[in-house]
Every structure is written in structure tokens, then in C-alpha cells.
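Notes follow the structure.
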Protein chains: 2
Amino acid sequence: MATRKTKTQDCDEGPVTLPSDALAERTAQLAWAVAHPARVRIVHLLAHRKACVCGEIVDNMSLAQSTVSQHLKILKESGLIQGEVDGPKVCYCINPEALRELKSLISKL
Amino acid sequence: MATRKTKTQDCDEGPVTLPSDALAERTAQLAWAVAHPARVRIVHLLAHRKACVCGEIVDNMSLAQSTVSQHLKILKESGLIQGEVDGPKVCYCINPEALRELKSLISKL
DNA sequence: CTCCATTATCGTTTATCTACGATAGACGAT
DNA sequence: ATCGTCTATCGTAGATAAACGATAATGGAG
């Protein structure tokens, strides 16, 4: 333990509070999912149109189709969005529960 | 076969709503700052102790000092935390405004 | 079956992150 | 001035991300 007894007026001496490892990792995981402008836009888009979208996402993003597909995969893996096959197309939609989880975890920071 | 597919039922045909580029990028930037478990822990720690902390952070994290310092730099660059030199030590504290901004941006997703 | 549209995946390149040890700089104390 | 402490930076290595084009896979239409 360091010998810091004097002049601690600047520092709060309260107990150290850290989130559990699992919580911190989940928070980081969800935050990371929206840690890219393209993914922010996708989440925003899906969150505001209640239902799914498909290749429209690509049209609204100045990125190659394969790149968008990769971002969609990342979002899907994080649980934030879900994809449903509808014929040759795929409809994506928000997973409201995961989005709520993200908001909740961030709000508790 | 049905002439009309389920698409028109599943998909909201409303206008496409996307956040402005600047907004999406700021959201991504702040999200990225907490997109690592170590940085989540640091932010959480600083947010719950009102004032600053220094090498304690290192002690509470099973990472090398240089690595922690790098994470602190990232957080500082994002604006989420601030560092104040106090003699040979450096006291870090949360930037409440930036933290509020992060929470606000995420909550609006 | 063949063609077309839609997505996902592969392979590659480039850039960035993450982690560490070593080292330099700043400061108080002796 | 020198020493010990604390923190930031440098240099490096390995892993991962981001972007693209090319290609495969799926399924509807003709």
C-alpha cells in the first residue's frame, strides 16, 4: 500500500468500485458493436424503422456490399440485430432486448 | 405462389432515417472509447469516485502500467476523462459532460 | 433448367489495437 | 545534485479490423 496519507483533498477516498468482469466485457462488446460510424447508422436505421430492411442498407451507405455485409455480421454476432431470410433477400431488424441492454449498461457507467 | 410476399408486412416502408455523419461519427468515437473491458472498468471507477485517481488504477487492473497508460490516453483523447498533474502523480477524473454525451447519444439509438 | 437478383463468404491488403518491456521525463525528498 | 517514485512514451510483436473485388450460394422468375 502506498503511503499516501497527506493531501488527499483532491482524491475521493471511497471504496474502489469496479464492475464485474462479465459486466465490463459485455459492456465493451456491445459498445464495440456500435464503435463504427457505419454500424451506428445501421443500428439507427433499424431502430427507427420498426421492421427489417435488406439491401436498402447498402444503398444508404457509401460502402461496398461486402463491407456492409460484414458490418451486419458483426452486429448480428453482438446480438443487436437479427436477420431473417425472406426469399432471396434477408430482412434485418433490431433486437430490442439487446438494444435495451446496451443502453442500460451504458447508462450505468 | 402468393403474388404478394411477406415483405410488405414485415418491412416498414417509412422513410429512411439516418443520423448525420457527424453524429454517427461522434457516437462511434465515444462508443469506441468504452469498447474495451479495461476502459469500461476505468470509466466506471472514475465515474463512481467523484474525484481523481492515479496509479491506483494500475493496481486495480491486471495489466502492465504502460498498457493502462495507453488506455488512459485513449480515454483522454475521447474526452471522457481528464488528467491533472499533481506533483509526480497524475489524477484522473471523469468529464461528466462527455459521459453525459455518450449516454445521450447511445440512448438515442 | 437457365437467368437474374440478392447476400454471404473468401482471399487479400492495409491499417489499427493490444500488450509488453525498456526507457525517458517530472517531481518531491534527502 | 542525486535518488526513488510515478507516469508517459517508444519500439516491437502479434492479433484483429476494415475495406474491397471476386466468387459462391440461395431462391424467384421466365
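So you know, we letter chains A, B, ... as the sequences are listed, proteins then strands, and number each from 1.
Residues satisfying the side-chain contact (heavy atoms from CB on, under 4.5 Å) test with B:Q65, not counting sequence neighbours, are B:V58, B:S69. Annotation: side chain to side chain donor-acceptor pair (under 3.5 Å) contacts of A:Q29 (sequence neighbours excluded): A:R26. For B:T67, the side-chain contact (heavy atoms from CB on, under 4.5 Å) partners at least two apart in sequence or on another chain are B:L63, B:A64, B:H71. Considering only residues two or more places apart in sequence or on other chains, B:E25 meets the side chain to side chain donor-acceptor pair (under 3.5 Å) condition with none of them. Under the side chain to side chain donor-acceptor pair (under 3.5 Å) criterion, A:S104 pairs with A:K108, sequence neighbours left out.
In this structure, B:E56 atom CD and D:dT7 atom P are separated by 10 Å, rounded to whole Å. For A:I81 and C:dT7, the CD1 to C1' distance is 13 Å, given to the nearest whole Å. Summarising the geometry, the separation between CD1 on A:I42 and P on C:dT7 is reported as 13 Å, rounded to the nearest angstrom. Distance, A:I57 CD1 to C:dT6 C1': 13 Å, rounded to whole Å. The CD-P distance, from B:E84 to C:dC27, rounds to 14 Å in whole Å. Regarding A:L75, its CG atom lies at a distance of 15 Å from the C1' atom of C:dA8, rounded to whole Å. The distance from atom CG of A:D86 to atom P of C:dA8 is 13 Å, rounded to the nearest whole Å. In this entry the distance linking CG of B:L72 with P of D:dA8 reads 6 Å, nearest Å.
Considering only side-chain N and O atoms, A:Y92 lies under 4.0 angstrom from the phosphate OP1 or OP2 of C:dA8.
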Exercise. Could you encode protein contacts along nucleotides 13-26 of chain D as a string, one character per nucleotide from 5' to 3', using B for base contact, S for sugar-phosphate-only contact and - for no contact, with a heavy-atom cut-off of under 4.0 Å?
Key: ----SBBBBB----
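Salt bridge annotation for B:E56-B:K89: absent, with no cationic side-chain nitrogen under 4.0 angstrom from a carboxylate oxygen.
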